[in-house]
Amino acid sequence: MRSSMMDCPLLIDDILVRAATEFADHEIVTQLPDKRLHRQTYGDMAERARRLAGALHAAGIQPGDRVATLGWNTYAHLEAYFGIPAMGGVCHMVNIRLAPEDIAWIINHAEDRILIVDDVLLPLYARFADAINVERIIVVPLTGESVDPAYTDYETLLADAPADFVLPAKHEDDACGMCYTSGTTGRPKGVLYSHRSTVLHALTSSLPDNLDLSYNDTVLPVVPMFHVNAWGLPYSAALTGAKQVLPGPHLDAASLLDLYAAERVNISAGVPTIWMGILNALDAEPDRWDLRADLRMVVGGSAAPESMLRRFDGHGLTLVQAWGMTETSPMGTSGGIKPAVAELDEDARYARRATVGTTVALTQTRIVDESGRLAPRDGRTMGELQIRGPWIAGSYYHLDNDRDKFTTDGWLRTGDIATIDADGYVDITDRTKDVIKSGGEWISSVHLENEIMGHPGVAEAAVIAQPDETWGERPLAAIVTRAGQTLTDADIRTHLLARLPKWMVPEAYVFVDEIPRTATGKFSKLALRATLQPDE
Ligand code: AMP
């Protein structure tokens, strides 16, 4: 029997309409390239997004067509996040940190018809312009300088567009957004989000045990809008009415801390590299910034060491872990303190906070071992983390041989090695390809890195496997020392032997100036292997 409820599809349009009616005067602040602050309201944003939708429609964009963006976190990018799906198009956020040839490959693979690009990113565009074939380039004049007539000026486009464009009807399963994975192995893979998955993700990620968002909050996503939808914050903040502060191209610690203080930010989100920079700035000048006492930072994208949580606590600020991937929209798990954990002693509480937390509502996670058996939720048995749910990808865009990424019973194979404990805390111990297999036992490179980074003289550490005649593989640790510190292999070994079983402690250490990073700010084990093991 059908229910007597209305048949209302879940659409991004409704987030837009809600923002315009309920939070018309709530602010969106953007730090421009010259550091001036651009201010608009959700009311302004909704009107401009509707104009963009009308302009794209007038340009011949059809439902399902892809419109790409090449932009920093700004008001214009936010307008694209809403305006493109509102007219039925697919907003394809292109990662500006990828190599120009990869960007061109992605744009061609997605068959993007239009590219919206920040004027400050035109030099990047020039590096792949000849390799792509889009119909039109729309330039956002963030600097205020006039736009080359070879391109369409975004502001003129909006000014000439109708303010009353009627948003076309759509199905909630229609695609609205698209991101490509960073492609650490093989070509990047495209993930298509739907209106339904995006709305449900926005709703659930706003819950108190996840991002905990409300119209009283001020959110600053450091995580870029060109990578995994800025963790969905543009949508969840608009849904809840939270004020948004968008940092533009200035992601250095001092600029971010200035913005936190000036705009009274209380929630921010980014990768560990960002928080490492912020910690170092706070350690150097603890009294320089007047931050909100309830400021909390969500960290994800790669593992954050427990020492980082402790150091932030020392500054009276809270770091919360979350885990996800391009394929999971991205929120899969997030940290919080369940009642049973609140009763534990301090070290045990930190150990739980150093995990990636518990599974987000409406999704399910499980661990499957090497032989395909379901692992117990004992916090010890490692295996591949698998996930399913309404905002988890079930296939990739135009990729035929993608079945090995999914199980036959409908779960996404994440490629992450993890444990889940009896309270549901998920601990990511590695990527399948990074885990070290020594004498038949798995050594987690992430846990080793975290322990090494717990040494006060260490700034950063990354661990890779190296072939070993006796053990198959043994860990090799690359270490960056903190400024002014000198360390030896013996210092690190002594530190580790006090914390880990002897067989896990590396024999080999190299001290390096920096750890190479991927386009998304994660340690690049691939590049590290190429430098440290050129003959492998
Ligand atoms: P991407 O699709 O580029 O966001 O990469 C997703 C991958 O980042 C995941 O499969 C994990 O390997 C890693 N990752 C994301 N969040 C975390 C986290 N909190 N701790 C450890 N690894 C993470």
Side-chain angles (χ1 to χ4, degrees), residues 93-98 102 106 177-186 188-191 193 201 205 210-211 221-233 269-276 297-306 308-309 319-336 352-360 365 367 382 384-387 391-393 396 405 411-420 425-435 444-450 453 462-463 517-526:
M93 310 71 150
V94 177
N95 189 337
I96 65 172
R97 299 217 173 97
L98 295 176
D102 284 335
I106 284 171
M178 183 179 209
C179 277
Y180 278 74
T181 60
S182 349
T184 39
T185 50
K189 295 186 280 297
V191 176
Y193 309 102
H201 180 268
S205 59
N210 300 324
L211 295 175
V222 186
V223 51
M225 292 167 84
F226 54 74
H227 182 217
V228 287
N229 308 305
W231 298 353
L233 278 164
V271 293
T273 329
I274 297 287
W275 305 128
M276 195 58 98
M297 292 100 160
V298 187
V299 60
S302 54
E306 187 184 308
M308 191 184 264
L309 299 169
L319 196 68
V320 181
Q321 293 241 30
W323 167 90
M325 50 200 303
T326 307
E327 290 87 334
T328 65
S329 293
M331 290 285 292
T333 71
S334 66
R352 298 299 178 87
R353 284 183 57 201
T355 70
V356 296
T358 57
T359 305
V360 172
T365 51
I367 303 292
M382 287 194 227
E384 183 180 43
L385 178 65
Q386 301 184 348
I387 185 166
W391 53 87
I392 312 299
Y396 291 96
K405 306 290 177 211
W411 295 65
L412 170 76
R413 302 186 54 190
T414 65
D416 285 333
I417 303 291
T419 60
I420 304 183
Y425 284 81
V426 178
D427 198 9
I428 306 287
T429 53
D430 244 310
R431 294 289 297 164
T432 358
K433 57 189 183 323
D434 293 338
V435 73
S444 157
S445 66
V446 173
H447 283 176
L448 267 181
E449 286 158 8
N450 289 347
M453 287 193 265
V463 175
R517 296 192 186 277
T518 67
T520 50
K522 305 176 192 196
F523 289 157
S524 172
K525 303 264 172 113
L526 222 60

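Remember, it's 1-based here, ligands and their atoms both numbered in the order they're listed.
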Can you check side-chain contact (heavy atoms from CB on, under 4.5 Å) on Lys522 and Val271, steps first, answer last?
CA-CA 8 Å; Lys522 305 176 192 196; Val271 293; 5.7 Å; no
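- Listed by atom number, the atoms of ligand 1 under 4.0 Å from Ala322 heavy atoms are 16 (N), 18 (C), 19 (N).
- By the neighbour-count criterion of 12 heavy atoms within 6.0 Å, atom CZ of Arg517 is densely surrounded, having more than that number from other residues, nucleotides or ligands.
- The protein atom (non-hydrogen) at minimum distance from atom 5 (O) of ligand 1 is Lys522 NZ, 2.7 Å.
- Contact annotation for Val356 and ligand 1: only side-chain heavy atoms (C-beta onward) come within less than 4.0 Å of the ligand.
- Taking the side chain as every heavy atom from C-beta outward, Tyr180 and Leu98 never approach each other to under 4.5 Å.
- Using a 4.5 Å heavy-atom cutoff, the side chains of Pro330 and His201 are in contact.
- Within the listing of ligand 1, atoms 19 (N) sit less than 4.0 angstrom from a heavy atom of Gln321.
- Annotation for ligand 1: atoms under 4.0 Å from non-hydrogen atoms of Ala303 are 20 (N), 21 (C), 22 (N).
- In Ala304, neither the side chain nor the backbone holds a heavy atom less than 4.0 Å from any atom of ligand 1.
- In this comparison of Asp416, Thr429, Leu385, the heavy atom closest to atom 12 (O) of ligand 1 sits on Asp416.
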Verify side-chain contact (heavy atoms from CB on, under 4.5 Å) between Thr326 and Tyr193, making sure each step is shown before the conclusion.
CA-CA 10 Å; Thr326 307; Tyr193 309 102; 3.5 Å; yes
Check against side-chain contact (heavy atoms from CB on, under 4.5 Å), Val435 and Thr429:
CA-CA 8 Å; Val435 73; Thr429 53; 5.7 Å; no
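- In terms of protein heavy-atom proximity, atom 6 (C) of ligand 1 is nearest to Met325 CB, 3.2 Å.
- Contact atoms of ligand 1 toward His227: 1 (P), 3 (O), 4 (O) (distance under 4.0 Å to a heavy atom of the residue).
- Closest protein heavy atom to atom 2 (O) of ligand 1: Thr326 OG1, 2.6 Å.
- Among residues two or more places apart in sequence or in another chain, the side chain to side chain donor-acceptor pair (under 3.5 Å) test is passed with Ser334 by Asn210.
- Shortest contact from atom 22 (N) of ligand 1 to any protein heavy atom: Ser302 CA, 3.6 Å.
- The shortest distance between side-chain heavy atoms of Ile420 and Tyr425 does not fall below 4.5 Å.
- Backbone and side-chain nitrogen or oxygen atoms of Thr414 are examined, and none is located within less than 3.5 angstrom of a nitrogen or oxygen of ligand 1.
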For the pair Leu385 and Trp323, evaluate side-chain contact (heavy atoms from CB on, under 4.5 Å) and give the outcome as yes or no after the intermediate values.
CA-CA 11 Å; Leu385 178 65; Trp323 167 90; 3.6 Å; yes
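- Protein heavy atom at the shortest distance from atom 15 (C) of ligand 1 is Gly324 O, 3.2 Å.
- The closest protein non-hydrogen atom to atom 16 (N) of ligand 1 is Gly301 N, 2.9 Å.
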